[in-house]
Amino acid sequence: MSQRIRMGIVGCGRFVRNFIPLFQAHPYVESLAVTDLLPERSAAHAKEFGISEIYPSFEAMLESKTLNAVAIFTQRHLHGPMTIAALKAGKNVYSAVPMASHIEEIAEIVSLVKQTGLTYSMGETGHYRPCSIFCRQKLKSGEMGAFVYGESQYNHDMRHFDYKYSGGENWKQVAGVPPMLYPTHSTGMILSSSGSWARKVASFGYIDQVGDDIFGKGKNLWDNPFSNTTALLYLDNGGIARINENRRIGWYGPMSYISSFHGTQASYESSIAQHTFVRLEGKDAIYEDVGPLLNPFEMQKHQDDPNFTQEVISNKWGSTFAPIQNQKRLPEAYIGMHDGHGGTHKFMADDFCKAAYTGKLSPTNAWVAARYNLPGLIAHESALKGGETMVVPDLGDSPTGWEVLESDE
Ligand SMILES: NC(=O)c1ccc[n+]([C@@H]2O[C@H](COP(=O)([O-])OP(=O)(O)OC[C@H]3O[C@@H](n4cnc5c(N)ncnc54)[C@H](O)[C@@H]3O)[C@@H](O)[C@H]2O)c1
C-alpha cells in the first residue's frame, strides 16, 4: 500500500533551500525533518521553513522509525556511502548529483535497490534541460533518424564556486575534485537524449596551470592534476558523444547545454540563446528556429532588450522554465513556485515523490544514474593514462516488469 513520504533532509547548505519548499508542497509528502553536521544550519533551515523536527545526525535519521526517506544534499564526494547506509536502513533515497565516486559504491547501490525494492532517484538537472527534452523527443519520434554524434558540456568555472562555505580551512582539498567525478550534467543530457549508454571512453585532462594549490599531486584528496577534462564516448547504439567537464574556463552561462546533436535525418545545434533544428527532405535542408520552444518564457519576453545577450550569459533567466518543459505533469501546488537550473527542480522533486509513493521507478533511477555516472569515473582513469581507450562497466537495464515513470508526459 502507498505510504506518504516522511523525509529527512540531510545537509542544510546552499542548494537544499531550492528543494525544501517543493518537497513540502508535494501532495505525497507528509512531513520533513532536517539535519546538518553544523547544528546552526539545521536550526536556521528549520526556522525559515517551519520544520519542527531537527535530528542530531544523519545516523539518528537512519535509526528513526518515523522517517521512510532521506534526501541527501551533502557535498558531492559524500553521496555514495551515505546512500548505501540509507538503503541498508530501509529508507527511500533522493540524492543530489553525483551518485557516487567509486564503481563499487555504484554497483552496491544498484544491487541494494534491486534487493529491497526501495526508491533511489538522482536529481540530475541535465535530464530535464530543454535541449535534452527536445533532442530526446525528436529522436524518439523518428524525425532525426538514427543518432550519430553529439556534444554536451558542463562549463562551471572555479571562480563561481564557494568551497570555503563548507570546506573550512581545507577547502582546496575538496575543490580539486576531478571534474569527471561529477560527470552527470554532461552525460545526463547527451545519454538521455541519445537513448543510449557508454561502452567505451577515451579522455584527455587539461593539466591545471594556475598554481593556486587546488589541482596537482598532493594538493587535493584525489591527487588530481586536471581542472578540465574532455571525453569521447562510444555508445551502445553505435553513436559517438563528446562530453566536457570544465572547471577553469573563461565562461559563465549557459553552463549545461547540448551544443550539437546529429541524427542521420536531422540535427540540432545551439549557441547561447539560439537553437536551430535542420532536417533533410530529399536533398533539401529545412531550417527551423526552435528557440521559442527551448528558451524560457521569461527570457522570450526580453528578446528585444538592448542588452539581451549580456543578460542571457549572466544567467538572468536561468532558473525559469521553457515551453517544452511539460508543467502539466507536475502537482498543481507547484504552479507559480520558484524553480531552478533551467526549470528542472520541480521535475526532479516530483519524480522522487511519485516513485517513492507509487513504487514505480524514477526516470533517473539507480540503473539510469549508474549509466550517467560510470563513464565519468572511467574517463578520469583514461585521462590519467594519457587518453587510453577503456571499457565502461555496465550494470544493465532496470529489471523487466518494474515500471519506469515517464519523464516527458
Ligand atoms: N545542478 C545541480 O544539480 C546542483 C547544483 C548545486 C549543488 N548540487 C549538489 O547538491 C549538493 C549540495 O550542494 P551545496 O552547494 O548545498 O553544498 P554545501 O556545502 O553548501 O552544503 C552541504 C551541507 O552538508 C552538510 N553535511 C556534510 N556531511 C554531513 C553529514 N554527515 N550529516 C549532515 N550534514 C552533512 C554540510 O555541513 C553542509 O552544510 C552537492 O552534492 C552538489 O553537488 C547540485
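Worth saying up front: this structure is predicted, and the values here are computed from it rather than measured. Counting begins at 1 with the first residue of the sequence. Counting starts at 1 for both ligands and their atoms, in listed order.
- Given atom 3 (O) of ligand 1, the protein heavy atom at minimum distance is His185 CE1, 3.3 Å.
- In summary, the atoms of ligand 1 found under 4.0 Å from a heavy atom of His341, numbered by their order in the structure, are 1 (N), 5 (C).
- In this structure, the protein non-hydrogen atom closest to atom 23 (C) of ligand 1 is Asp36 OD2, 3.7 Å.
- Gln75 OE1, 3.1 Å is the protein heavy atom nearest to atom 27 (C) of ligand 1.
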query: Going through the checks in order, is the side-chain hydrogen bond (donor to acceptor under 3.5 Å, both in side chains) test met by Tyr149 and Glu151?
result: CA-CA 7 Å; Tyr149 175 78; Glu151 298 176 346; 2.6 Å; yes
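- Partners of Lys88 by salt bridge (charged side-chain N to carboxylate O under 4.0 Å, His left out), not counting sequence neighbours, listed by chain and number: Glu108.
- Near Gly11, meaning under 4.0 Å from one of its heavy atoms, ligand 1 places the atoms 23 (C), 24 (O), 25 (C), 34 (N).
- Looking at atom 15 (O) of ligand 1, its nearest protein heavy atom turns out to be Arg14 NH2, 3.3 Å.
- In summary, the atoms of ligand 1 found under 4.0 Å from a heavy atom of Leu78, numbered by their order in the structure, are 27 (C), 28 (N).
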message: What verdict does the salt bridge (Lys or Arg N to Asp or Glu O under 4.0 Å) test give for Glu406 and Arg329, after you've listed the backbone C-alpha separation in whole Å, the side-chain angles of each residue and the deciding distance to 0.1 Å?
response: CA-CA 10 Å; Glu406 262 297 327; Arg329 58 147 270 198; over 6 Å; no
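- For the pair His26 (side chain) and Tyr28 (backbone), a donor-acceptor distance under 3.5 Å is present.
- Between Tyr182 and His77, the side chains place no donor N or O within less than 3.5 Å of an acceptor N or O (distance only, hydrogens not considered).
- Here the shortest heavy-atom distance to atom 18 (P) of ligand 1, taken over Ser166, Gly342, Pro81, belongs to Ser166.
- The contact set between ligand 1 and Val10, taken as ligand atoms under 4.0 Å from a residue heavy atom, comprises 32 (N), 33 (C).
- Phe73 O, 3.5 Å is the protein heavy atom nearest to atom 22 (C) of ligand 1.
- A donor-acceptor pair shorter than 3.5 Å can be found between the side chains of Glu124 and Thr184.
- No donor-acceptor distance shorter than 3.5 angstrom exists from the side chain of Lys114 to the backbone of Ile109, with no hydrogens or angles considered.
- Judged by the shortest distance from any of its heavy atoms, His79 lies inside the 4.0 Å radius around the atoms of ligand 1.
- The single protein non-hydrogen atom nearest to atom 26 (N) of ligand 1 is Thr74 CG2, 3.7 Å, given as residue, atom name and distance.
- No side-chain donor-acceptor contact under 3.5 Å links His160 and Tyr252.
- Using a 4.0 Å cut-off to heavy atoms of Ala96, the atoms of ligand 1 that qualify are 9 (C), 10 (O), 11 (C).
- Side chains of Ser270 and Tyr257: a donor-acceptor N/O pair is absent below 3.5 angstrom, by distance only.
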message: Quick one, Lys346 with Asp350, criterion salt bridge (Lys or Arg N to Asp or Glu O under 4.0 Å). Give me CA distance, side-chain angles, the key distance, then yes/no.
response: CA-CA 6 Å; Lys346 291 177 182 171; Asp350 184 50; over 6 Å; no
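- Interface atoms of ligand 1 facing Thr125, defined by a heavy-atom separation under 4.0 Å, are 1 (N), 3 (O).
- Among all protein heavy atoms, the one lying closest to atom 10 (O) of ligand 1 is Phe15 CD2, 3.2 Å.
- In this structure, the side-chain contact (heavy atoms from CB on, under 4.5 Å) partners of Ser42, at least two apart in sequence or on a different chain, are Cys12, Val34, Asp36, Ile54.
- Side-chain contact annotation: Asn365 with Ser398, donor-acceptor N/O pair under 3.5 Å absent.
- If you number the atoms of ligand 1 from 1 as listed, the ones under 4.0 Å from a heavy atom of Tyr165 come out as 20 (O).
- For the residues Leu37, Val16, Val97, Asn18, the heavy atom positioned nearest atom 32 (N) of ligand 1 is part of Leu37.
- The shortest N/O to N/O separation between Arg41 and ligand 1 falls below 3.5 Å.
- Among protein heavy atoms, the minimum distance from atom 21 (O) of ligand 1 is reached at Gly13 CA, 3.2 Å.
- Side-chain N/O atoms of Ser203 and Ser382 include no donor and acceptor closer than 3.5 Å.
- Within the 4.0 Å heavy-atom shell around ligand 1 one finds Tyr182.
- Annotation for ligand 1: atoms under 4.0 Å from non-hydrogen atoms of Met82 are 30 (C), 31 (N).
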